[in-house]
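Structure record follows, encoded as structure tokens.
Owing to the predicted nature of the structure, the values given are computational and were not obtained by experimental measurement.
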Protein chains: 2
Amino acid sequence: MRRTKKERQIQLQETIADNPFITDEELAEQFQVSVQTIRLDRMELSIPELRERIKHVAEERLTNEVRSLPIEEVIGDVVDIELDKSAISIFDVKREHVFTRNGIARGHHVFAQANSLAVAVINDELALTAKANIRFKRSVYEGERVVAKAKVIDIQAANDRTIVEVNSYVGQELVFQGEFTMYRSNMTTGDEG
Amino acid sequence: MRRTKKERQIQLQETIADNPFITDEELAEQFQVSVQTIRLDRMELSIPELRERIKHVAEERLTNEVRSLPIEEVIGDVVDIELDKSAISIFDVKREHVFTRNGIARGHHVFAQANSLAVAVINDELALTAKANIRFKRSVYEGERVVAKAKVIDIQAANDRTIVEVNSYVGQELVFQGEFTMYRSNMTTGDEG
DNA sequence: CCGATATTAGGACTAGGTACTAACAGTAGT
DNA sequence: ACTACTGTTAGTACCTAGTCCTAATATCGG
């Protein structure tokens, strides 16, 4: 034994984890044991064979590719809206919205809900977000329901600018705060919202 | 001949393109020709064998990997990164990212790219966006390529806070500006990023 | 030194191919 | 009608990276 079986198996796991493309033969060479030993190790650790590993990586990539942000024009379901006054939407945090590592919702989804509600509440053909000032108050987790409440604060017809305040809650708890400055209609500058 | 050779080969290319995981045998079944014919077709079209195709898909995913964050969790392709210093990502605006009405990119995509780059540049297990101050300078349209450049401005070890500035450009033109205040590691407050 | 555990060797078999040879069908040209 | 050519199919040997199984040997602890 170059080292103990346990030591080798631990290193084996790490080695394969950071390079799934390595063959049993290369592993045998690296650990100075026979190919059969490597295979026994893989069995004991339930590590699949090279081709299965590669396939798995490839499949993961293909399924993850389609997962950025949804296409619907509003993120979340608008449950109430009074144009140019206020609006409410709900958004259920699902697996595809969270970091796989820790189950915490990725901030841009929470932002997207608020931002898209700010757009929706504007009573105009075209509303674009020009500026935003946002604050994530606490993490949102998979399974939680985020309720976003938008309030139109100030309509300055003079410069086609409207300020919308959005507060998002999980239950009674404030999780997100944002102040969006929106341009409306025939403005030339500013991006969407 | 069920159809002409040419027709079959065109369809073969499409079939494999949208499902690289298909075997020659399955293809032969589908096109009602022999396995050998499928192989001749692949030769003529220089389409590699199943295993090579799968490997290629898997490699593409892995070569894009970033240390502190798995790649699929970043919006846009990270083309350069120096942890705790700077990072660059590119994001091609496609049909699914824009308002169908006017072809203008929805702001949260531009935000998501910047935000996720701000997360990626942080050299820590966990990075969460606490605050953000953003400004959409001009609209981004379908077909445009947005290059986001993140710069770590200030690491205040005392309160686990890092300020990251992200500027996004289309060509030479600044389209988005954001200042992200990130919490890192063992902080308890603040949401993801 | 004995027995258990660990390691190695070998053979038969598998999927999904490559590379090559050969046969045959249908069509076109002369 | 004979030949040439393209397209298709069949079959063989070989490859990689394994699985599954049996059997032999090595090594360590008590």
**OP:** For the residue pair A:F111 and A:F176, categorise the inter-ring angle as parallel (less than 30°), tilted (30 to 60°) or perpendicular (more than 60°).
**Re:** perpendicular
Subject >> salt bridge (Lys or Arg N to Asp or Glu O under 4.0 Å) assessment of B:R95 paired with B:E142 >> reply: CA-CA 6 Å; B:R95 172 139 315 158; B:E142 185 181 341; 3.2 Å; yes
**OP:** Walk me through it: do B:R138 and B:E144 pass the test salt bridge (Lys or Arg N to Asp or Glu O under 4.0 Å)?
**Re:** CA-CA 12 Å; B:R138 85 136 163 90; B:E144 291 188 322; 3.2 Å; yes
Subject >> Pair B:D41, B:Q9: side-chain N/O donor-acceptor within cut-off below 3.5 Å >> reply: yes
Original post:
Any side-chain N or O of A:R8 less than 4.0 Å from the OP1 or OP2 oxygen of C:dA6?
Top reply: no
**OP:** Can you tell me the distance, in whole Å, between the CG atom of A:D41 and the P atom of C:dT5?
**Re:** 16 Å
Subject >> Flag, side chain of A:E26 to backbone of A:T23, donor-acceptor distance under 3.5 Å >> reply: yes
Original post:
Rounding to a whole Å, what distance do you find between A:E7:CD and D:dC28:P?
Top reply: 14 Å
Subject >> Distance below 4.0 Å between B:T37 side-chain N/O and D:dT8 OP1 or OP2 >> reply: no
Subject >> In one Ile/Leu/Val/Met/Phe/Trp/Tyr side-chain cluster, 4.5 Å: A:Y169, A:I88 >> reply: no
Original post:
What is the distance from CZ of B:F31 to C1' of D:dT8, rounded to the nearest Å?
Top reply: 16 Å
**OP:** Whole angstrom is fine here: how far is it from CD in B:Q32 over to P in D:dT8?
**Re:** 14 Å
Original post:
Tell me, for nucleotides 16-23 of chain D in 5' to 3' order, what letter each nucleotide earns: B for a base near a protein heavy atom under 4.0 Å, S for only sugar-phosphate near one, - for neither?
Top reply: BBBBS---
**OP:** Rounded to the nearest angstrom, tell me the gap between atom NZ in A:K5 and atom C1' in D:dG29.
**Re:** 16 Å
Subject >> A:L40 CG to C:dA9 P, straight-line distance once rounded to whole Å >> reply: 13 Å
Original post:
To the nearest Å, how far apart are B:E44 CD and D:dG7 C1'?
Top reply: 9 Å
